[in-house]
Amino acid sequence: MATYAIGIDLGTTNSVIAYTRLDQDAAQPQVLSVPQLVAPATVEARLQLPSFLYLSSEHEADTGNYDLPWQQDGQDAVGELARQQAAAMPMRTVAAAKSWLCYSRVDRHQSLLPWGAPSDVPKVSPVDVSRRYLAHLIAAWHHAFPAAPIAEQRVVLTVPASFDASARELTREAALAAGLPADLILLEEPQAALYAWLANRGEQWRRHLGVGDTLLVCDVGGGTTDFTLIGVDETDGALELLRLAVGTHTLVGGDNMDVALAHFASTAFADKGLRLDAWQSVSLWHACRTAKEALLALDGPRPIPSRCLAAVEGSWAAR
């Protein structure tokens, strides 16, 4: 019998795993701290696992810098260190793999990421990248709860509401390959947000809504934006919620905002007569994401100094 209910948000930019005990009525959900590399040979636990994969070079793989508490002789990095490498070494870093799962014009099982990387960089498929993110979360769970195998727990994995049947099946395939149970539940992200809203209000939600009302759930993610309409109806005198519609697949999210910022920032280089190549543009994109996240953090600085661009420019010069 399952002891825990586990929820996993496999995000385009960040992934999170939360849990609660099923044998305690008043148990509060907790977010699991996930050990991950934050620098070479440095492991820290963070509440979020950035959805980035860094593919180390053959020389780096022999240094022991990518070991984890549950893995020795590690060769690649998932999480914070990989996110940092996205700006420094974009040709060896996989980002936004989740968006590729719903891109039907390519074979999602084909080893094609990082897209456009040099021939000496090993490629991985979107399905395998998703599996590796989930495998890292599962390993973190077993590290924290060795007596509660995740395959024996009740697991919910979120997916965008606009994912088609193929993208959902690929997500499930990656989940099972990573070690999640066969009876895992795929839950649409806007629906999960609605459940959280209801849970926060308890029975009070019935005072805020009436028959004929409509709720709009807007989920702006890293790779997509999803809209879901929820209607309020009545059955035998009791209010109930019914999903009315789901928006079409919209590949517009936080990543696109970062690209727009990078396009604007590139004018600073143009003013100096510098023309960015494709990989420099990717590097700038990731640097702008880092600056945006720092600015929007609750304890973040008011301005981001111009040295962030100088740092990126310096990293290119060092290559």
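As a basis for the values below, the full set of heavy atoms in this structure was taken, side chains included, without hydrogen atoms, waters or symmetry mates. Just so you know, these numbers come straight off a predicted model, no measurement behind them.
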Completion exercise
Value for CZ (Arg83) from CD (Glu293), rounded to nearest 0.5 Å, stands at 5.5 Å
Practice task
To the nearest 0.5 Å, tell me how far Glu240 CD sits from Arg206 CZ.
Solution key: 9.5 Å
Handout entry: More than 12 heavy atoms of other groups within 6.0 Å of His208 NE2
Key = yes
Problem - Donor-acceptor under 3.5 Å (Asp128 side chain, Ser125 main chain) - result: no
Problem - Whether over 12 other heavy atoms sit under 6.0 Å from Arg154 CZ - result: no
Handout entry: Exam field: side chain Asp76 to backbone Ser56, donor-acceptor pair closer than 3.5 Å
Key = yes
Handout entry: Closest non-hydrogen atom pair between Gln36 and Glu80, with its separation
Key = OE1-N, 2.9 Å
Completion exercise
Here the gap from Asp233 atom CG to Leu209 atom CG, rounded to the nearest 0.5 Å, amounts to 12.5 Å
Practice task
Without swapping roles, check the side chain of Arg108 against the backbone of Val127 for a donor-acceptor pair under 3.5 Å.
Solution key: no
Practice task
Test Leu241 against Leu198 for side-chain contact (heavy atoms from CB on, under 4.5 Å), laying out the working first.
Solution key: CA-CA 11 Å; Leu241 300 175; Leu198 293 174; 3.7 Å; yes
Problem - Asn14 versus Pro50, closest heavy-atom pair with distance - result: OD1-CA, 3.4 Å
Handout entry: Residue of the set Ile6, Ile185, Leu134, Asp9 for which side-chain contact (heavy atoms from CB on, under 4.5 Å) holds with Leu157
Key = Leu134
Practice task
Decide whether Leu32 and Leu22 are clustered together by the hydrophobic rule: side chain heavy atoms of Ile, Leu, Val, Met, Phe, Trp, Tyr closer than 4.5 Å, transitively.
Solution key: no
Handout entry: For Ala148, all residues meeting side chain to side chain contact (heavy atoms under 4.5 Å, CB included), sequence neighbours excluded
Key = Tyr4, Trp141, Phe145, Gln153
Fill in the blank from the handout: Shortest non-hydrogen pair, Leu284 vs Ala262, comes out as CD2-O, 3.4 Å
Problem - Expected output: side-chain Ser51 to main-chain Gly11 donor-acceptor under 3.5 Å - result: yes
Handout entry: Cluster check Val232, Val217: I/L/V/M/F/W/Y, side chain < 4.5 angstrom
Key = yes
Fill in the blank from the handout: So CD of Gln191 and OG1 of Thr228: to nearest 0.5 Å the spacing works out to 8.0 Å
Exercise for the section: Treat each ILVMFWY residue as a node, draw an edge where side-chain heavy atoms are under 4.5 Å apart, and state whether Tyr103 and Val159 are in one component. Expected result: yes
With a 3.5 Å cut-off and sequence neighbours excluded, list the donor-acceptor pairs that the side chains of residues 115-123 form with protein atoms.
residue	atom	partner	partner atom	Å
Lys123	NZ	Ala117	O	3.4
Lys123	NZ	Pro118	O	3.2
Lys123	NZ	Val121	O	3.4

Handout entry: Side chain Arg46, main chain Val34, donor-acceptor under 3.5 Å
Key = no
Exercise for the section: Give a yes or no answer on whether the side chain of Glu152 reaches the backbone of Pro149 with a donor-acceptor pair at less than 3.5 Å. Expected result: no
Handout entry: Glu188: side chain to side chain donor-acceptor pair (under 3.5 Å) partners, not counting sequence neighbours
Key = Arg168, Arg243
Completion exercise
Between the CG atom in Leu194 and the CH2 atom in Trp205, the distance rounded to the nearest 0.5 Å is 9.0 Å
Problem - Donor-acceptor under 3.5 Å (Lys98 side chain, Leu10 main chain) - result: yes
Problem - Verify same cluster id: Val31, Val155 (apolar side-chain graph, 4.5 Å) - result: no
Completion exercise
Taking every heavy atom of Leu187 against every heavy atom of Ala192, the minimum-distance pair comes out as CD2-CB, 3.6 Å
Practice task
Please round to the nearest 0.5 Å and tell me the distance separating atom OG of Ser266 and atom CD of Gln280.
Solution key: 11.5 Å
Practice task
May I ask you to test the Cys288-Phe264 pair for a side-chain heavy-atom distance under 4.5 Å?
Solution key: no
Handout entry: CA sep, side-chain torsions, deciding dist, call: Gln28, Thr20, side-chain contact (heavy atoms from CB on, under 4.5 Å)
Key = CA-CA 6 Å; Gln28 294 297 313; Thr20 187; 5.9 Å; no
Problem - Check against side chain to side chain donor-acceptor pair (under 3.5 Å), Arg289 and Thr13 - result: CA-CA 10 Å; Arg289 183 198 63 250; Thr13 307; over 6 Å; no
Practice task
Decide yes or no on side-chain contact (heavy atoms from CB on, under 4.5 Å) for Tyr66 and Leu81, but give the supporting numbers first.
Solution key: CA-CA 10 Å; Tyr66 298 96; Leu81 175 58; 3.8 Å; yes
Exercise for the section: Taking the side chain as every heavy atom from C-beta outward, state whether Leu55 and Pro114 have any pair of such atoms under 4.5 Å apart. Expected result: yes
Practice task
Spell out, as yes or no, whether a donor-acceptor pair under 3.5 Å connects the side chain of Thr93 to the backbone of Pro90.
Solution key: no
Practice task
Answer yes or no: is there a side-chain heavy-atom contact under 4.5 Å between Leu68 and Leu37?
Solution key: yes
Handout entry: Flag side-chain contact, heavy atom, 4.5 Å: Pro126 against Leu112
Key = yes
Fill in the blank from the handout: In short, Glu189 meets Thr158 closest at the heavy-atom pair CG-CB, 3.6 Å
Problem - Side chain proximity check, Thr214 to Leu216, heavy atoms < 4.5 angstrom - result: no
Exercise for the section: Consider only side-chain heavy atoms of I, L, V, M, F, W and Y, link residues closer than 4.5 Å, and tell whether Val259 and Val220 are in one cluster. Expected result: no
Completion exercise
Between Leu49 and Gly79, the two heavy atoms sitting closest are CD1-CA, 3.6 Å
Handout entry: Expected output: side-chain Arg132 to main-chain Leu53 donor-acceptor under 3.5 Å
Key = no
